[in-house]
Amino acid sequence: MILLQYSCGVKRFIPDGEKLYTGATLSLETDEKVKNLKAIEQEVETVVGPEPNTKILGVKLGLYAYYKNQQEHPGFINKFLYNTFGEEPVYLSDIDRDRITELIDNRLENRGFFRNIINSEVYKDSASASIAYNVSIRRPYTLETYQLDSIRYPIVKDIKSTFASSPINKGDRFDLALFELERERIDKSLKAKGYYNFNADFLIFEADTNQYKNKRYDLFLRLKKDVPEKSLVPYRINKVNVYPNYSIDTDSISKDTTQYSNINFIQSQEFFKPKRLESYILFEKGQLYNPTISKRTSNRLSSIGTYKFINIEYDVLDTGANGTGEGNLTANIYLSPLNKRAIRAELQAVSKSNNFVGPNLLVTYANRNLFRGGETLNITASLGYETQLSGNENRGLSSTQIGLKSDLIFPRLLFPIEIIDRFKYAVPKTIVSAGFEYLNRSKLYSLNSLNATFGYSWNANRFVNHELDPISINYVNLSNTTQEFEDILNENPFLASSFEQQFIAGLTYSFTYNELNDSSIRNSLYFNFNFDIAGNTISLFGKETGGKSSKTFLDLEYAQYVKADIDFRYHFSLGKDQKLVTRLFGGWGLAYGNSETLPFSKQYFSGGPFSVRAFRIRSLGPGTYTPIEGDSGSFFDRSGDIRLEANLEYRFPIIPYLKGAVFADAGNVWLMEENDALSGGKFSSNFLSELGAGAGVGLRVDIQNFVIRFDLAAPFLDPSEVEKGFDFDVANPILNFAIGYPF
């Protein structure tokens, strides 16, 4: 009824003699098969405008807001609606059909179709009108030969050498977009061979149809007239100057020059050691100019984390007029540093599935270029407090968490063997971390943990990242346990075992392939693989403990396990800022040797805003397990050794900065071995029937990639209530609040 009222309300505002424009259709007809006709049609559609007034759920709400705002006293609400998403009306009289017909013909001629027949027809009703454009396209001109016309300069051999990889082939349709692509390809190839002053605009194509009668043509590539001679010779790097502490304010101050590996480092005092900075610079004296090397050098210098701006400029020393046939350049690298010290504070509001809520404060101190080699020291202190505001027996429980972590990042590889030459794209980073955390959960226990890692991180290319921690140590000490918590452990030996593994020492590795941040890729892929193994090395030094089957190292019982998981995501673009996003996750862990179960911190859990959103965090599984009502230990139990999840989400724009989503999620966790305290938790061949599943809708405030997300979801398959079968419980939805997209 409301939608009908809005629809009728728009019609009464349309002026006499006007028709509301509702859009256009385009039809291309051809007598023979045309290659990539769909792509041509999509390109032509871009000139068939303008766009009609937008609809939201079938209603032109923006147009209605515009009309209401034109009243003599529009009121606050109508003004707000107009300022938020009001749209001026688009009438049939605004459409210049002759101009659009010319643009359609122009686009088709650019694609090789000449002398086309284009008709347009208007369809009207009582208040609106649409236009249909019908195009009959002629047979296109096709390529017979592609030749390089006579060029007097030595550059001709370098241009000719690029023809082997040309995308232009005999039989290709006349296509200006293809010719432009060819010019840019040749220009890029010449730049890589040192032609610093060359430009794609210096190249021109000419087509000759005089030799043929059946719509064929010869294509000639030549240089334009009056191209400067300095643009037709290659250039070499004659000198490299680096300014490690550059600032416009200090540009006039006299500086000392230190030469290292044929590079001049110019600084008033040593801000950055030349020996450390040299490995990031890929320029060499006598090297041909190459913009790819310039870009990679800039990327490598940016990865250090010390500099705010990296600017590489070239000065022409000579243009080859000296008879050598080559010019010379000076490469100047200006590096403007960030502030040496910085402090960042972050206040978070935490809400968990077990009804714990509270604030969390993070304070990070950063010291950049610590030892004048690009090193960064980050020290983070955290303080968090949570209390349970609802629930039955557990109401009033609280937890306090205090943490201190330090990361020392070396922007180079600390390794006994020199292998830096293997890394051409980016220089690896060495990261040394150490941290301490204290957790006190009232009426239950206190937990002290120490952790330390030594590892490497590097980008193999713009999509691939590797992280390897050959040393990863974690020590956990459980103390101040209450009788209530001891009873929980006594009832569940597997849970007790997961807390007894006090010492974790092993190796972790992560591989990531990520296309999601590259806007040039229409349909993007993300893949992540993690591998974690612990206890193998120290087991060689482990000692038997009297009365126990487990071994100890330094009098600490250590964990032995292997764990691996994969995360696969695919973003399929549907056009107009719409996406269909899919995600698959699979994880598996196995305790062996010294361990009966995975340490609690290494187990998997399911449910929550980044998982199956129809279930709260840690409230799903394992398997078909159903916790006893009021069980205070259920929060600890709902994790497992195996995790499987699948997600499907359709994302679409609503208004600027506000996006919507419709999604469905499924997943669960399982145990490798049967646990009497968690009945139904073991993984079996019936795992598909034990998946928890739900669906919902979401709203996302997206401001320049800062996303505030609200997702409302309800379950329709609950593994703890398998006897119910499909039951879409829309009466009990779960509201998820999070920062960032779920995947």
Side-chain angles (χ1 to χ4, degrees), residues 305 338-368 370 375-389 396-410 429 431-455 457 467 469 471-481 485 498-499 502-504 508 510 530 532 599-605 608-611 616-618 635-636 639 706-709 736-740 742:
L338 292 159
N339 291 332
K340 182 174 178 59
R341 298 175 181 84
I343 296 178
R344 184 182 76 247
E346 182 178 349
L347 182 62
Q348 302 173 338
V350 179
S351 177
K352 295 184 177 179
S353 64
N354 53 347
N355 297 314
F356 274 82
V357 297
N360 191 27
L361 176 65
L362 299 174
V363 179
T364 300
Y365 165 80
N367 190 323
R368 303 183 181 95
L370 187 61
E375 304 84 1
T376 300
L377 174 65
N378 294 323
I379 300 176
T380 301
S382 61
L383 174 63
Y385 176 79
E386 303 167 9
T387 185
Q388 195 165 41
L389 298 180
L397 289 177
S398 65
S399 69
T400 303
Q401 188 172 2
I402 301 172
L404 184 66
K405 182 184 179 183
S406 64
D407 297 315
L408 182 56
I409 304 171
F410 296 87
K429 292 183 178 181
I431 305 173
V432 182
S433 301
F436 165 79
E437 187 173 270
Y438 168 78
L439 173 66
N440 178 267
R441 194 173 293 278
S442 67
K443 302 181 183 179
L444 294 172
Y445 63 88
S446 295
L447 201 67
N448 299 301
S449 63
L450 294 169
N451 61 79
T453 60
F454 175 89
S457 175
E467 293 183 10
D469 291 336
I471 300 175
S472 177
I473 299 172
N474 188 27
Y475 167 70
V476 178
N477 180 28
L478 183 66
S479 61
N480 299 327
T481 57
F485 185 62
S498 70
F499 277 97
Q502 296 180 324
F503 190 67
I504 304 173
T508 63
S510 176
N530 294 302
D532 184 356
F600 186 75
S601 61
K602 298 293 183 178
Q603 293 177 356
Y604 292 109
F605 61 88
F610 296 90
S611 179
R616 297 189 184 276
I617 301 173
R618 296 181 185 263
F635 169 73
F636 304 100
S639 55
F706 176 76
V707 178
I708 301 174
R709 175 165 56 94
N736 295 272
F737 169 76
I739 303 297

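The side-chain heavy atoms of L408 and L370, taken from C-beta on, include a pair separated by under 4.5 Å. Between L377 and I379, the closest side-chain pair of non-hydrogen atoms falls below 4.5 Å. Using a 4.5 Å cut-off on side-chain heavy atoms (C-beta onward), Y475 and I504 make no contact. In this structure the side chain of L447 reaches within 4.5 angstrom of the side chain of V476, judged on heavy atoms.
Within the cation-pi definition used here (under 6.0 Å to the ring centroid, within 45° of the axis), R344 does not qualify as a partner of Y365.
The structure places CD of E375 at 11.0 Å from CD1 of I409, a figure rounded to the nearest 0.5 Å. Atom CD of Q603 and atom OG of S639 lie 3.5 Å apart (nearest 0.5 Å). The structure places OG of S479 at 7.0 Å from OH of Y438, a figure rounded to the nearest 0.5 Å. The distance from atom CZ of F503 to atom CG of N474, rounded to the nearest 0.5 Å, is 9.0 Å. Interatomic distance, L450 CG to F436 CZ, rounded to the nearest 0.5 Å: 6.5 Å. Once rounded to the nearest 0.5 Å, the distance linking OG of S433 with CG of N451 reads 8.0 Å.
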- Item | Worked check of side chain to side chain contact (heavy atoms under 4.5 Å, CB included) between K340 and N367 | CA-CA 6 Å; K340 182 174 178 59; N367 190 323; 3.4 Å; yes
- Can you check side chain to side chain donor-acceptor pair (under 3.5 Å) on N440 and T400, steps first, answer last? CA-CA 5 Å; N440 178 267; T400 303; 5.2 Å; no
- Task: Kindly determine whether D469 and T453 satisfy side chain to side chain donor-acceptor pair (under 3.5 Å), including the steps that lead there.
- Result: CA-CA 7 Å; D469 291 336; T453 60; 4.8 Å; no
- Message: As a quick check of understanding, evaluate side chain to side chain contact (heavy atoms under 4.5 Å, CB included) for I431 and S457, giving each step before the final call.
- Response: CA-CA 8 Å; I431 305 173; S457 175; 4.3 Å; yes
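Residues L338 and G305 approach most closely at CD1-O, 3.6 Å, considering heavy atoms. For the pair G608 and N736, the tightest heavy-atom approach, listed with the atom from each and the gap, is C-OD1, 3.6 Å. Taking every heavy atom of both residues into account, A366 and N378 meet most closely at CB-OD1, 3.3 Å.
Remark: the T364 side chain and the T380 side chain contain an N/O donor-acceptor pair separated by less than 3.5 Å.
Side-chain N or O atoms of K429 include none that pairs as donor or acceptor with a backbone N or O of F410 at under 3.5 Å. Within the 3.5 Å criterion, the main-chain N or O of R368 finds no donor-acceptor partner in the side chain of R341. Side chain of R709 to main chain of P609: a donor-acceptor pair is present (N/O by atom type, distance under 3.5 Å, no hydrogens or angles).
The 12-atom threshold is exceeded at CZ of F610, counting heavy atoms of other residues, nucleotides or ligands nearer than 6.0 Å.
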